[in-house]
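Every chain is numbered from 1, with letters handed out A, B, ... down the list of sequences. All values reported here derive from a predicted model rather than from experimental measurement. Quick note: numbers below take in every heavy atom, side chains included, and nothing from hydrogens, waters or symmetry partners.
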2 protein chains.
Amino acid sequence: MKKHIPHKQDVRDMLKGTGLKATTARVDILAVLARVKQPVTVKDLVQLLPEGDQATTYRNVSLLAKHNLVRQVDLGQGHAYYELNDEKDDHHHIICVACDRIEDFSECTVDQLTRSALRQQPSFKTVIRHSIELFGICSSCQK
Amino acid sequence: MKKHIPHKQDVRDMLKGTGLKATTARVDILAVLARVKQPVTVKDLVQLLPEGDQATTYRNVSLLAKHNLVRQVDLGQGHAYYELNDEKDDHHHIICVACDRIEDFSECTVDQLTRSALRQQPSFKTVIRHSIELFGICSSCQK
DNA sequence: TTCTTATATGAGAATGATTCTCATTTAGGA
DNA sequence: TCCTAAATGAGAATCATTCTCATATAAGAA
Ligand SMILES: [Mn+2]
Ligand SMILES: [Mn+2]
Ligand SMILES: [Zn+2]
Ligand SMILES: [Zn+2]
């Protein structure tokens, strides 16, 4: 259940595997995301990186997302979050509207949703990605 | 199934019903949203309004959303969309990643999702809102 | 209907996130 | 080691959204 931090060389191989150059900026981003195990904003990421540059970080998270190494998470906050993408673990998020605490949850209804959507809208042929977020109140904010 | 455009006085009463002033800016926003029947950006909205002011429109869509007269839709585009909120019709969206075509679909798995999430994360007590979006390819873009 | 006033509006400036420009550096193959 | 296409970094630019404050207006009171 618990995920371990990948060794630096594994990350480099991951990048090579997708045809991307294994630059220090990219390796560092993946290392930080592996360590924090939480969706983080680009601003946070720049802070957490040993040498974080804003433009480079934005460029790289987009690129890594395009190659499915990271996942962009949209929590309706006006800015994107990013987390490491684990293909084998499709999960979604529940976020506290009071304190922004974010937790994962997994589910098994995506196939149903997809089938239902494609049945209702024959003008769509394929679903390639989905986003499911729940907004609620966590126990500490429930007081 | 088809929804008709509400008469201007009905819209005014709707606003009064929530304790909001029935200003022309607000009535016009609701009228446009009723007419287009599609999630629109604030930029679009400002264009479509007879006298659209940016700041006023932003203020009003937020306010109307807080009072559940409109619904903010998040499609991972870096900016929000808004649509008229019909309490009786909980639906979600499927958007074409190639041409941004947006269609609705409804489903019945939100309860399952919610139960599942709360079971997995006992640190959360309540779910008050959800966002489910599917990203795919529409038939015209499938070529 | 007219008056009063708390609210809303509108024009523009400010802010925050994200993207772009371009000179310089670097990864990785030859 | 060398070469070069690709990546980086610093700053400026852009885009969405919010704020400021002077003016206008909805709606209840008279
Ligand atoms: Mn997650
Ligand atoms: Mn809709
Ligand atoms: Zn909380
Ligand atoms: Zn399309």
Would you say the side chains of B:His92 and B:Asp104 form a donor-acceptor pair under 3.5 Å?
no
Overall bend - the helix from C:dT1-D:dA30 to C:dA30-D:dT1, comparing terminal axes fitted on five pairs, nearest 10 degrees
40°
How many whole angstroms separate atom OH of A:Tyr81 from atom P of C:dT18?
11 Å
Can a side-chain donor-acceptor contact be found between B:Asp44 and B:Thr41 if the only test is distance below 3.5 angstrom?
yes
What integer distance in Å separates A:Leu45:CG from C:dA17:P?
14 Å
Reading nucleotides 3-16 of chain C from the 5' end, what letters show protein touch, with B for base, S for backbone sugar-phosphate only, - for no heavy atom under 4.0 Å?
---BBSBBBB----
Assess the side chains of A:Ser116 and A:Gln120: does a donor N or O sit below 3.5 Å from an acceptor N or O?
yes
Can you measure A:Leu64 atom CG to D:dA7 atom P for me and round it to whole angstrom units?
11 Å
Distance below 4.0 Å between B:Tyr58 side-chain N/O and D:dT18 OP1 or OP2:
no
Take atom CD of B:Gln47 and atom P of D:dC15, then tell me their distance rounded to the nearest Å.
14 Å
Without decimals, in angstroms, what is the distance between B:Lys66 NZ and D:dT18 P?
12 Å
Under the side-chain contact (heavy atoms from CB on, under 4.5 Å) rule, what do A:Arg12 and A:Arg26 come out as? Steps first, then yes or no, please.
CA-CA 9 Å; A:Arg12 295 177 54 83; A:Arg26 291 169 190 170; over 6 Å; no
Whole-Å gap separating P (D:dA7) and NZ (A:Lys16)
14 Å
Whole-Å gap separating C1' (D:dA26) and CG (B:Asp13):
15 Å
How close or far is atom C1' of C:dA27 from atom CZ of A:Arg12, stated in whole angstroms?
8 Å
Under 3.5 Å, is there a donor-acceptor pair linking the side chains of A:Glu83 and A:His93?
yes
Report yes or no: do B:Thr57 and B:Asn60 form a side-chain donor-acceptor pair below 3.5 Å?
no
Establish, from distance only, whether the side-chain atoms of B:His91 and B:Asp86 form a donor-acceptor pair under 3.5 Å.
no
Examine distances only and state if a side-chain atom of A:Asn85 and a backbone atom of A:Asn68 form a donor-acceptor pair shorter than 3.5 Å.
yes
State which residues pass side chain to side chain donor-acceptor pair (under 3.5 Å) with B:Ser140; sequence neighbours excluded, sorted by chain then number.
none
